[in-house]
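Everything on this sheet refers to the single structure shown next.
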Amino acid sequence: METKYNHNLYEKKWWDFWLQQGYFAADSSSTKDPYVILMPPPNVTDRLHMGHGLNNTVQDIFIRWQRMLGKEVCWLPGTDHAGIATQMMVEKSLQAEGRSRQELGREQFIARCWQWQEKHGNIIISQLQRLGASADWQRLAFTMSPSLSKAVREVFVRLFDKGLIYRGKRLVNWDCALQTAVSDDEVFNREETGKLWSIAYPLVDRQSEQDELVVATTRPETMFGDTAVAVNPNDQRYRQYIGKKVLLPLVNRELPVIADSYVKSEFGTGCLKITPAHDFNDFDIGQRHQLPALNIFDDAGLLADCVPPKFQGMTRSAARQAVLRALRELNLLRGETKHRHTLPYSDRSKELIEPRLSQQWFLRMQPLVAEAIRVAKDGELRFYPDSWQKTYLHWLENIQDWCISRQLWWGHRIPVWYCQTCQQHFAATSDPSACKHCGSKTMQQDDDVLDTWFSSWLWSFSTLGFPDHNEQDLRKFYPSQVLITGADIIFLWVARMVIAGIEVLGKPPFKDVYFNSIICDHQGRKFSKTLGNGIDPLEVIDQYGADAVRFTCVSLAPLGGRARMGKQDFANGAKFVNKLWNAARFLLAQPAPQPLPSLADTQPTVPEQWLLNSFADTVMAVDKHLQAYRVDSMADALYRFIWGTYCDWGVEIAKTMLQTTNQIPASMYYIMDGLLRLVHPVMPFISEEIWQRLPAHPDWDRPSSLVVAKFPQADVLPRYDSKALASWEMTRALITAIRTLRSRATIPPQEQIEVSIAAKRLVADEQRWLHELAGVAQVIWLTADDPKPTPALVQVGAGFEVYTTTVRIDVGREKDKLRNDQQRLTALLSKVNAKLNNPAFCANAPAQVLEEHTQRRQLLQSQLHSVEVNLQALGS
RNA sequence: GGGCGCAUAGCUCAGCUGGUUAGAGCACCAGCCUUACAAGCUGGGGGUCUCAAGUUCGACUCUUGAUGCGCCCACCA
């Protein structure tokens with residue numbers, strides 16, 4: 001074995017082996033209990049980033065763990081057709097050829113999309129495989145595949161026939177760059193400093209020049225769409241004008257002055273221009289007052305033909321400047337002030353959203369959410385961390401209708417047909433040959449496609465054969481156990497999946513929802529392309545190996561928080577992987593007992609018993625942490641045991657045994673075998689490589705791969721309990737204390753020393769460890785009456801004092817250290833004394849606490865005494 | 001405006017239902033190539049747990065408030 005673990009030699013080898021053995025395939029005819037995780041489908045356009053890396057590592061940990069526990073696991077992978085993102089990519093490539101999608105036509109364009117997705121899509125899938133993701137890749141699903149498309153149509157038609165899907169002319173969030181509507185959940189807000197302009201609208205039939213209403217607006221360019229001016233009905237200033245008319249400048253259209261309590265008198269001028277087609281509040285007011293709504297922007301967000309010719313075709317920002325200039329010329333601009341407000345932007349294009357009146361399809365959500373709310377409240381659906389429950393409930397309880405149509409070409413075309421003969425429309429699961437209502441053959445399908453999320457929200461069952469009941473899959477694998485994803489899509493995907501699962505199959509699609517950490521740099525900033533602060537997972541996998549990357553990600557990811565990571569963290573992960581490698585290298589380089597005996601046939605020494613107990617504790621901890629979705633704590637437990645216990649103590653102990661018996665004890669092989677099983681979910685490659693080289697231990701099963709080996713179970717692991725074990729703890733404490741003394745006295749490692757110990761005497765067998773592990777040639781055991789050696793160095797600990805007279809020290813530094821000790825111990829002692837002298841404490845504290853404090857006082861007193869004696873001996 | 005969360009060592013974090021001398025990794029300092037690993041070994045220094053008040057015999061832990069930071073939702077002519 002090489003001294004440094006080289007991941008390049010093993011990762012591909014084992015990956016190919018696992019795939020070839022078919023370990024990851026989920027069999028719905030199995031009699032084993034199912035354990036299912038749905039992989040959140042990445043966009044086909046995606047490249048692997050650290051968020052995917054963490055998310056899929058966590059999923060893989062649970063999947064591998066449950067597989068080793070004997071479940072029939074199904075980790076269902078797939079990709080999302082990402083309507084907008086893909087269409088943007090393909091349009092860009094067309095642009096490079098100097099062509100446009102309009103030129104190409106719908107059919108040709110869609111063909112291009114398919115070509116593109118075959119060529120460039122699914123790169124992310126091979127990237128996920130580099131990570132070691134043990135999903136059932138044969139089940140790879142795609143939201144545009146024929147079977148998933150079938151599910152989309154089926155559900156659409158069901159909801160349509162229930163009357164939950166309707167078409168309406170409503171105000172929607174319009175993305176002018178992509179020229180499509182987007183849903184509320186695809187809009188983000190940004191606070192900015194803008195301006196608030198005051199514009200005079202002269203009164204029709206005015207008595208004087210001053211007879212005008214001054215409106216305040218942040219968007220003068222929308223004035224072409226004004227259809228009223230509103231004031232608050234209780235505003236004394238404007239009461240007289242209600243019911244009168246003003247003249248819209250630049251257009252010279254008459255607008256009614258209306259009263260609406262929405263208008264705040266104290267804001268701006270107290271006069272509000274009403275533009276129903278381009279503002280959500282104005283739209284509501286317009287509805288209340290039956291005002292016409294005038295759409296003034298075309299699909300691209302340019303001013304349309306309904307505005308005065310000189311403004312036509314202008315962009316929104318150009319129009320704003322032009323309008324202001326024109327108003328200034330007419331002397332109608334009454335002022336401008338700075339104004340802080342938040343503006344809506346599109347998630348996808350990052351363009352300013354234009355609220356715009358248009359014909360869209362909507363899904364009535366309100367009738368669908370009751371059960372989704374109930375299951376969360378009753379704990380049938382749990383969130384980790386549970387604080388997300390509130391966010392989830394708040395959204396559902398204030399649910400808005402979902403705008404599901406998009407003016408794109410790439411996606412599921414809305415399965416609604418309009419009959420040119422009878423003018424009616426209807427929805428159908430398969431392309432109809434005749435109108436459902438009149439039998440006419442002249443029909444046209446709706447031009448729009450569905451929101452991408454309308455296919456993703458069916459993911460939990462559309463991937464399992466619905467609606468073609470390959471019932472076995474659906475019955476066996478629905479619902480899944482846990483959804484592992486990012487909290488940023490709690491509304492877009494998680495909550496909607498719950499709704500869909502309940503609506504279509506009668507129960508929620510998963511029991512637990514685990515939200516991963518957000519990946520940030522060390523300054524707490526999200527990884528982002530523009531900042532360039534991200535770490536490319538593939539780059540670090542190349543450099544450090546998949547196991548190191550997996551372990552690092554997971555150990556830095558607290559439940560629900562933000563995981564801060566830098567490149568150095570991955571180097572540390574790699575060190576840990578290498579540590580395990582070398583622990584195994586040591587073991588495998590030594591002669592093992594042949595054949596390895598079962599633990600029951602050997603008599604483990606006390607230190608071995610301690611190691612075995614510690615291993616069992618670790619198994620228990622790992623189980624506990626995984627149950628609680630605390631992968632970071634699991635990583636910590638593994639790290640502590642492997643580095644701090646197995647290597648630091650176990651290997652050192654084994655070395656001394658090697659000297660006397662010429663063999664490593666069987667328990668070390670036993671522990672290593674169990675350990676590899678334990679780490680396999682998080683470090684699958686290195687654990688497999690070592691395990692395959694490890695001689696089979698009779699106490700463990702021995703299948704062809706660790707992937708399908710049994711996971712350690714704490715309740716069947718050997719446990720030891722004896723007085724000797726308690727004494728071993730004292731031995732370890734003494735060893736550490738003596739090492740400290742040696743370090744303080746600058747005694748080289750090779751030099752054997754003599755120490756005096758005031759403590760309960762160790763038996764000869766235990767005392768030998770002081771020799772082996774602390775370089776002690778001889779021990780003088782002091783009783784309470786013996787004088788303490790002087791001059792000497794002392795190290796005090798819980799229940800013992802160790803002295804050495806081998807002194808080669810810096811007296812000044814040593815004195816400082818002792819004074820420090822003295823100060824520390826004095827402070828502690830006075831704290832304990834204060835408590836014990838407090839009658840209220842003695843009266844109220846439980847007996848055990850009281851007893852502990854009394855003992856601590858004694859111990860501190862004796863330790864303080866020792867330090868003082870020593871200090872004197874050094875001559876102060 | 002509403003909601004959620006966080007504040008512990010230089011950095012990243014752990015610390016369960018209040019009760020041993022508040023822990024770990026990284027970084028730092030000292031000494032070691034001790035025959036698995038220098039990507040290593042053995043030690044060491046470093047925190048009055050953001051602040052204030054309260055409850056309690058006892059508060060890092062519970063309550064209230066303040067300050068700072070992060071996130072989400074709604075909305076502002």
Side-chain angles (χ1 to χ4, degrees), chain A residues 1 3-5 189 196-197 215-219 222 230 262-264 267-275 279-282 339-342 385 387-388 390-391 394-395 398 487-488 490-491 518 520 522 524 544 555-556 558 560-566 568-569 571-572 574-590 632-633 636 639-640 643-644 647-648 651-652 654-655 736 739-744 746-750 774-775 798 817 820 824-825 827-829 831-832 834-835 838-846 848-850 852-853 855-856 859-860 863:
Chain A
M1 279 171 90
T3 58
K4 308 250 190 297
Y5 174 65
N189 297 299
L196 187 63
W197 288 276
V215 301
T217 181
T218 54
R219 301 201 56 196
T222 62
Y262 169 79
V263 181
K264 290 186 196 109
F267 189 95
T269 59
C271 287
L272 173 62
K273 71 186 210 47
I274 304 299
T275 323
D279 183 286
F280 286 95
N281 290 307
D282 291 8
H339 181 60
R340 199 86 188 136
H341 58 164
T342 49
S387 53
W388 286 101
K390 277 199 175 177
T391 307
H394 180 262
W395 186 76
N398 297 284
D488 53 334
I490 184 170
F491 308 136
I518 299 162
C520 299
H522 274 305
Y544 300 114
S555 61
L556 293 174
R562 46 182 52 214
R564 297 175 195 237
M565 49 182 77
Q568 178 57 35
D569 295 313
N572 293 334
K575 282 188 194 176
F576 179 56
V577 170
N578 190 53
K579 188 74 178 174
L580 176 61
W581 180 254
N582 272 288
R585 198 165 85 93
F586 169 74
L587 199 60
L588 295 174
Q590 315 305 332
D632 56 333
S633 304
D636 189 55
Y639 189 98
R640 279 162 195 280
W643 205 307
C647 291
D648 289 351
V651 172
E652 294 308 313
K655 280 183 193 166
T736 304
R739 286 170 176 170
T740 308
L741 274 187
R742 299 181 62 110
S743 178
R744 281 166 59 195
T746 58
I747 300 164
Q750 310 82 355
K817 146 94 178 146
N820 203 327
R824 196 186 90 238
L825 293 167
L828 290 172
L829 187 58
K831 234 165 107 178
V832 175
K835 277 197 185 178
N838 180 349
F841 174 77
C842 297
N844 289 313
Q848 196 200 333
V849 173
L850 207 58
E852 277 167 11
H853 278 74
Q855 279 181 12
R856 204 189 313 160
L859 184 64
L860 287 171
Q863 292 179 340

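Note on naming: letters A, B, ... go to the chains in the order of the sequence lines (proteins, then strands), and numbering restarts at 1 for each one. Only a predicted model underlies this, so the values are computations on that prediction, with no experimental measurement involved.
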Quiz item: In the strands shown, is C28(B) matched to any nucleotide by a Watson-Crick or G-U wobble pair with both distances under 3.5 Å, and which?
Solution: G44(B)
Exercise. Would you mind telling me which of C75(B), G43(B), A77(B) lies closest to the side-chain atoms of Val263(A)?
Key: A77(B)
Quiz item: Which part of the nucleic acid, if any, lies within reach of Arg742(A) when heavy atoms closer than 4.0 Å are counted: base, sugar-phosphate only, or nothing?
Solution: nothing
Practice problem: Answer yes or no: does a side-chain N or O of Lys579(A) lie under 4.0 Å from OP1 or OP2 of G40(B)? | Solution: no
Exercise. Report which part of the nucleic acid Asp648(A) touches: base, sugar-phosphate, or nothing (heavy-atom distance under 4.0 Å, all strands).
Key: sugar-phosphate
Quiz item: Under 4.0 angstrom, heavy atoms only, what part of the nucleic acid is Tyr544(A) near: base, sugar-phosphate, or nothing?
Solution: nothing
Self-check item: Residue matched to G58(B) through Watson-Crick or wobble contacts both under 3.5 angstrom
Solution: none
Quiz item: Roughly, in whole Å, what's the span from NE2 in His341(A) to C1' in A74(B)?
Solution: 17 Å
Quiz item: With a non-hydrogen cut-off below 4.0 angstrom, is Leu196(A) in contact with a base, only sugar-phosphate, or nothing?
Solution: sugar-phosphate
Practice problem: Give the nucleotide from the list C37(B), A39(B), G5(B) with an atom nearest to the side chain of Ala574(A). | Solution: A39(B)
Quiz item: When all nucleic acid strands are considered with a 4.0 Å heavy-atom cut-off, which category describes Ala843(A): base, sugar-phosphate, or nothing?
Solution: nothing
Quiz item: Side-chain N or O of Lys390(A) less than 4.0 angstrom from OP1 or OP2 on C4(B)?
Solution: yes
Practice problem: With the side chain of Trp643(A) defined as its heavy atoms from C-beta on, choose the nearest nucleotide among C41(B), G19(B), C73(B). | Solution: C41(B)
Self-check item: Presence of Arg564(A) side-chain N/O under 4.0 Å of C13(B) phosphate oxygens OP1/OP2
Solution: yes
Practice problem: Among the candidates G43(B), C37(B), C4(B), find the nucleotide nearest to the side-chain atoms of Asn582(A). | Solution: C37(B)
Exercise. Find the partner of A36(B): check Watson-Crick (N1-N3 plus N6-O4 or O6-N4) and G-U wobble (N1-O2, O6-N3) distances, both under 3.5 Å, and reply none if neither fits.
Key: none
Practice problem: Could you tell me the separation between the NZ atom of Lys264(A) and the P atom of G1(B), rounded to a whole number of Å? | Solution: 13 Å
Exercise. Establish, with yes or no, whether the OP1 or OP2 oxygen of G44(B) is under 4.0 angstrom from a side-chain nitrogen or oxygen of Thr740(A).
Key: yes
Quiz item: Choosing from A24(B), A77(B), G43(B), which nucleotide comes nearest the side chain of Asp636(A)?
Solution: A24(B)
Quiz item: If you look at every strand shown and take non-hydrogen atoms under 4.0 Å, does Thr736(A) touch a base, only sugar-phosphate, or nothing?
Solution: sugar-phosphate
Exercise. With a 3.5 angstrom cut-off on both distances, give the Watson-Crick or G-U wobble partner of C4(B), or none if there isn't one.
Key: G70(B)
Quiz item: Of the nucleotides U42(B), C32(B), A77(B), which one has an atom closest to the side chain of Pro749(A)?
Solution: C32(B)
Quiz item: How close or far is atom P of A27(B) from atom CG of Asn572(A), stated in whole angstroms?
Solution: 6 Å
Taking N or O atoms only and anything under 3.5 Å, show me the protein contacts with nucleotides 53-57 of chain B, one pair per line.
{"unit_1": "C57(B)", "atom_1": "O2'", "unit_2": "Asn838(A)", "atom_2": "ND2", "d": "2.9"}

Self-check item: Leu272(A), nearest nucleotide to its side chain (from A77(B), U12(B), A39(B))
Solution: A77(B)
Quiz item: Is there side-chain contact between Phe841(A) and Leu850(A), with heavy atoms separated by less than 4.5 Å?
Solution: yes
Self-check item: Sugar-phosphate, base or nothing in reach of Tyr5(A), heavy atoms under 4.0 Å
Solution: nothing
